[in-house]
Every structure is written in C-alpha cells, then in structure tokens.
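Since this is a predicted model, take the numbers as computed values, not measurements. Below, chain A is the first sequence line, B the second, and so on; all start at residue 1.
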Amino acid sequence: MSATSLVVYIVDDDRNFRESLEELVGLMGYRAIGFDTAEAFLEDPRIQRPACLLLDMYLPALDGFWLQDTLKAKGISLPVIYITGHGDVPMSVKALKKGASDFLLKPFPPEDLRAAIITALTQDAANVAHEARQHKIMACVKSLTPREYEVMCQVITGKLNKQIAATLGTAEKTIRKHRGQVMRKMRVASVADLVRALETVGIAS
Amino acid sequence: MAVWPAGGIGLSALLLNPRRLWPAIVLALFAAGNAANFIQHRPVINSFGFMIANMAESLGCAWVITRICGNNVKFDRVIEVLALTLGATAVNAASACIGAGVAMLTSTASYGHLWLTWWIVDGLGILIMTPLVVTWSSLDISGLMRNKQWTRLIEGALFIVCWGVLSGLPFNSGLFFRNSFVFPYMLVALLAWPALRFGQRGVTLAIMLLAVIAITSLAVISGPLVWGGGSEEARLVLTQLYLGFSAVSGMLLAASFAESRQAQRKMAESLDFLETRFGAYPIAIFTYKSSGQVVSVNDAAVRLVGATREQVMKQNFRELESWKRSGMLAAAEKALATGEEQIFEGHTVSSYGHDFWISCRFASFFYAGDLHLMLLGADVSERKKIDEKIRLLNLELEQRVEERTREVVRQNEKLQEMFAELTHMSRVAVLGQLTAALAHEINQPLGTILNRASSAKMILSQEKPDTAKLQEILSSIIDEDERAGNVIRRLRSLIKKELPATEAVDLGRVVEEVTALVRNRSVLEEATLSVHRSPASMLVMGNRVQLQQVLLNLITNALEAVNGVTGSKIVVRLEARPAGKATVSVSNSGPAIEMKNVEQLFQPFYTTKKEGLGVGLFICRSIIHAHGGLISASNDVVDGATFYFTLPLVEENAV
C-alpha cells in the first residue's frame, strides 16, 4: 500500500492550526484533507478508506463528540484521533470511552502524531479488510435458502445430522444434502471454518 | 307778647323724636295750635298762617340742628348750642317773613316791624324753651333720689333762691339798684355756677326763671329801670336781646364745661386702661431714669424681683450687685450710651434672693428731655432647664452617634476586608477555570508553531529543501508566536492584582472575549452557547476586568445549571434596552431556580452548589452596583432561568 493513498482527514475550526497540520501530515506522506466544521466533513461524499480522522474536540456548532457519534451511527468505523488545546482527565476518559483511537494535546510532538496516525491507519486498514470479509461472508449467507440457513444454525452448534433431523422433523438424508449445500455456498471446508466466518459477521453469537 | 314758645316747643318735640315721627308731630302740633287759637276766637286765616309759619320754623330749625349735630341732641356740646343759635336767628329770620306776612292781614303795623317782632319773640322762644324742654325731659328723678345726692339737691335749691333774689333785684327793686347796668351783667357772670355745677339743665332753668322775672318785672313794664328811657316796647326789645345773649352765653359755658369734663373723663379712662394694661403685662417692665432710679414697674416686674412694689420702687439699678455680677449693668449702660436695643440673657440672683435665668431687652428713650431706660424681662429658668436638659441629651446623643459611627466604620472596614478577601478567593476560584480556558487559547498557536517547525525540519531533511516553503513556514511561526503573546497578555490583565482604572468599556467586546473563553467549557458540558449582540458594541464606563469577571461568573453558573444535559442551550444576549442602558443577559435551558426571592440569590454565602462558596453572585452584584447598574434574575416561562445586568450607557457626547 503506497503512503500517498492513505488519507488523513482533519477537522479543526482554527484555520492556522489546521493548515499547519495539513502541511505536516502532507510532509509525513499522507493525503491531508481539511474541514473547518463537522458538517462540512459529513457532507463530503468522497470519504476514502483506509483513513483516519484528526478531530478537534471543540468546534463552533457541532463538536467532535457529536461527529464521532454520527459516524458510528452511519456505520463508518473511521478511527478518530482527538486533538485538543485543553484536555483534562474527564475529557480524555470520555473520548476514549467513545472509542477514540488516540487523544493528542496541542501542542503535540510530530512523533506522537505520526505514531497516532500509523496506529489509526493500521487499525483502519484492518477495519477495511474486516469489513470486506464481512461483506463477502454476508453475501454468502444471503445466497442460502431459509431451510439451508436453519440447518446452518444447527450445524454450528456441533450437532450430528441425525440430531438435526430430529430437531427439524425431517430425514437425515435431507439434512446431509442441505449441509453439503451450506458448506459449498459458504465456501468453507470445515465446520470450524464456518463458525469463524459466522463469528466475523456476528451470527454465531 | 314777649316770648312766643310755640316754635320752641315744636322744635323740642321734633328733636326728642326720630325723624320718621316728624310728620305726625308737625300735624299734631298744627292741629293743637289751631284748636287753641279757635278757643281764643282768633281769625281762622291768621291761625292757619301763624301755625304754618311756626311749623316751618320748627321743622327748619330741627333740620338744621340735626343736620349739623346728628340726632341725639342734648345741648351738652358747644356745636349744638351754636346750631340752636343758628336756628333761632337765621331759620327764624326766614319763617318770620311768613309770620309777618300773615300778621299784615289783621295788623296795621309795618311789615318790617311785624317781622322784627316775630323774629325776636320766636327766636327767644327757641333759645329758652327748646333747651329747657330737651334737657329736663331726660331728667332721671328716681335715679337722683336713689343716689341720695341730697347735697346736690340742697345746692340746687340754694342756687334757685339766690338766682331768684338776684334776678329780682335789678328788675324789681326800686330802692338800691335803679339804673344800674352792673347787676344784669353780674347775673350773666353768675350763670357760671349752674353751668359748672348743674350743667345745661341748671342753665336753662336759670334762664327761664330770669326771663319770667325780667319780662314781668317793673323795669320793663314801668321803666325806665335797667335799660332806661324809651317806650315799653323798646325796653322789652332790649330785655329780650339781653335774655337771648344771656341764654346763649350760659349755654355755651355749660356746653363747653360739659365737653371738657367729657374729654377729661375719656382721657382718664384711657389712662386707666393703659395703666391697667401696663400692670397686667405678662412680661416684666421696668423704667428707670438715666441716674438709675426706678420710675415705674408693673406687677410682673415686682414678681420677678421677688419683693414688694415699694421696695422695688426704691431701687437704683446702678447700685444693684445682681446687675453688676450678671452683666445686665453693662447691657443697660450700652443701651443708654448707644441708644440701640440690647438683648441680654443670663443667670442672676435678685437683691431679694430670687435665683433665676433672665431674658431681657434694654431700650433707651427720651421723655421730657430726659434719658430713660426701659427693661423688658422674663424669667426663663424653666426654658433654661429644658434647654440644659436638651443640651445634655444632645451631648449624649452626639457621643452615642460618634460611638455608633466609629463602630459602623470599624464594621465597614471589616466588611471591606472580607469583601476584598472574598473577591480574591473568587478570583482564585475562577483562575482555575480561566487557566483551563486560556490553556486552550494558548495551546492553539503553540500547536500550530510546533506543527510548522516539525514541517520545516522535515523539509530541511530533504535533499533539496524548498526554501520558499521554509520562508512561508517561518512567517507563520512568527505570526503564531504573536498570537500566543496576545493570549498571555490577556490572561495577565485578568489576574493582575492592580485593576486598571475605570474607562469606556465596549460591552460587545467583553461578551466576545468571555464567550470565547468559555466555549471550551460549553463543549465539555455538551451545551450550545450562542451569542446575540444587537448592537454589536455598546460603551459603558467601568472596569473591563471586573465586568468580564461578572459575565464569566454568570456563564459559568449557567453551564453548571445545565450540567451534563445534552442539547442544553445557553444564550448570551447584549441589547440596548431600556433607553440609555445596556443589558447583558445569560439564559440557560436548565431547571428553574428555586428561590424565595431574587434578592436571596445575591446574598453572600447563599449557594445551591455542593462546593460553592456562595460569593460569586454576591461579588457580581457588588461590582455591578459599583458601576451604577442593576443585576437580577428571573425564571423563564417554559424552562430555565435568565440572569441579567443592566449598566448605564456612556452618553455619546461624553465619549
């Protein structure tokens, strides 16, 4: 992955600071895209991933926490690095509780920034990969018939075909046929693989 | 006929009655006169004519006399006697013309003769009869008897006897007094007796007697006696003239005596009144000769000295020890020397031991060429006692007031100290908040600087550093440094101990600066802070930092009120109302304030916060009051509360 393809979004209303940060981030080899308000950021349709968000806690109208909540609500798991000129313990606790990737106090040394960005981007890259996998698995799940889905749910509990047949009130032969369809459609070789895949999309639990 | 009394009697009847009865009296007399004439078989035409003349005479005289002297004629005044004389001569002269004309009808005599006869006869009738009837008609005999003025009655009788004898002598005695002019004049002189002793009544009676005696006397009838020679008619005329002059002289004498007596009585009365008044004045009045001798004193003066009148009258103020000691003597001498009124008030003990406070005035005056001293004085001991009491009370009051004042001053100083301490405490308390807020402000430029510097470092580490870019970065660093410096300066002005003096402060800027400081807090409290300024700037006189402190306090309170409630709103408004004033309000959407009254909120140590000192709003109020403004709070209709303060705007021409 080339560094220039990684995007760092910056939302800060202080123009001077934002521009200096854009420049620095740019020099670090990322694509820095700045916004002065939370709304402006949300309105931009071209959010590229993997990326991270350098977010000022204080913004004139809708603040950083609001933006983070909104992104989460939209299902965008963009890592957020809070930057603030004034931070205290309750504030940082609140930020981290909300799932912030990092919390930087202005002025912050470039090394800290770089480390935070790298961590966040790595995380987001993982996020993106994870999301891609989930997407793929969900597509497989969606290709199942309702009966196959029922059988799959029984299979991942570790039951034998005979037991499943008894539970669902059908012949063992039919179950064996469905199981084969499930394993094929879900593109897994073993029950263990199937469970892992379903855990990824949160069905197994 | 020597004396014709009808006119005179008619006149007296008119004088004794009010004017409205005159027509009735005239008619009655006219009828009576004619009836008498009818009995005497006089010709009717003559009777009527004479009666008309008589009535005209009576009426004319009555009119003249009452016109001159008024209605209550008693002939005890000279003017009344003179008016009567005028009637008897002038008015009678006119009516005599009618009478003589009537007489011509039956007489052969000349008109002039008849006129003269009428004039004299009727004139004498008026002069003698009228005063006699008028004066004697008012005689109060029972009063005389009651008062038992026997001596007066005896004297009167004695006079009548003497008068009768002396009148008879010149006119009737053929022995010693024949041809003597002296006696008739002696009689005139003798009229002084009744005039002095018995008044007009005595005189009129005497004249009447004299007239009867003289006219019926041998002297007139037989002549030539007193007046000598001529016919009987000539003697009669002389006698008549004599009687007329005597009557007038005697009456004038009596009237003038009466008048003088009347005047004396009046003067005596007024003197008596003056004396009584002087004696009864409630203020002591002393009069002294310039030698110092008492001339007169009134009752109050005697009481004031505390001695008897005789003792006081013997005093000489120059010899009085009490005058010397009290200083009254000096005041008295000054009044005598300068002629100016002197006022004296002091304590004295009179020669008779009366110990008192006197308030007096001295005045000097000249009487009959001699300098006199007058002293008006009053005993003011009671007042002095009260004055003294008041003075002592005042003194006590003054002392108490002084003590209280000292105490109040002490308390005030204590309060001031406390206030200074509280102000400082409050400032320390907000300092923490300020530092946090300002840290944000200052970290902003610092962060920018660090970013730029890091960028520069990275650029420099490149193979071909972009110098233009570096230039740009360095300028930016300098700018940001400047920005940080400004923040520091602002912070310093907020926490400086010595506060800047009063100046024209733009409330708009105060609002701007303070809201900028607390924005970060508002983020943490998840509250929306909005600012409305209309107009954007307004000038008030005051201390910028103190006003910032007040607004900061109100906003901080608002933030605490909405603590933690997401979506809370805080609105800061700057408005130009009421007229000539600026109002800054801070509204929050938090719960309404629980309070008994608004005043309570601003009382020291009143707090609803756990960690609160309860001095914030108290200090705010002190500051706003010191700025000549008002601070208050109210609960909003729906939710939340508003705190606001109002300050007088700087007048435009004063800026």
K.L.:
Under 3.5 Å, is there a donor-acceptor pair between the A/His135 and A/Glu131 side chains?
P.N.:
no

K.L.:
Contact part of B/Ile449 toward chain A, heavy-atom cut-off under 4.5 Å: side chain, backbone, both or neither?
P.N.:
neither

K.L.:
Return the minimal non-hydrogen interatomic distance between A/Pro79 and A/Ala51, and the atom names on each side.
P.N.:
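Answer, listing the atom of A/Pro79 first, then A/Ala51: CD-O, 3.3 Å.
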
K.L.:
Quick one: what part of A/Arg114 sits under 4.5 Å from any heavy atom of chain B, side chain, backbone, both or neither?
P.N.:
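For A/Arg114, side-chain heavy atoms alone lie under 4.5 Å from chain B.
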
K.L.:
Should A/Ile81 and A/Cys52 count as side-chain neighbours, where that means a heavy-atom distance under 4.5 Å?
P.N.:
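They are in contact (side-chain heavy atoms under 4.5 Å apart), so the answer is yes.
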
K.L.:
If you count heavy-atom pairs within less than 4.5 Å of chain A, which of B/Asp479, B/Ile473, B/Thr448, B/Leu446 leads?
P.N.:
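Counting heavy-atom pairs under 4.5 Å, the top option is B/Thr448.
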
K.L.:
Between A/Cys140 and A/Met186, which heavy-atom pair has the shortest distance, and what is it?
P.N.:
CB-SD, 3.6 Å

K.L.:
Does any backbone or side-chain atom of B/Leu450 lie under 4.5 Å from a heavy atom of chain A? Answer side chain, backbone, both or neither.
P.N.:
side chain

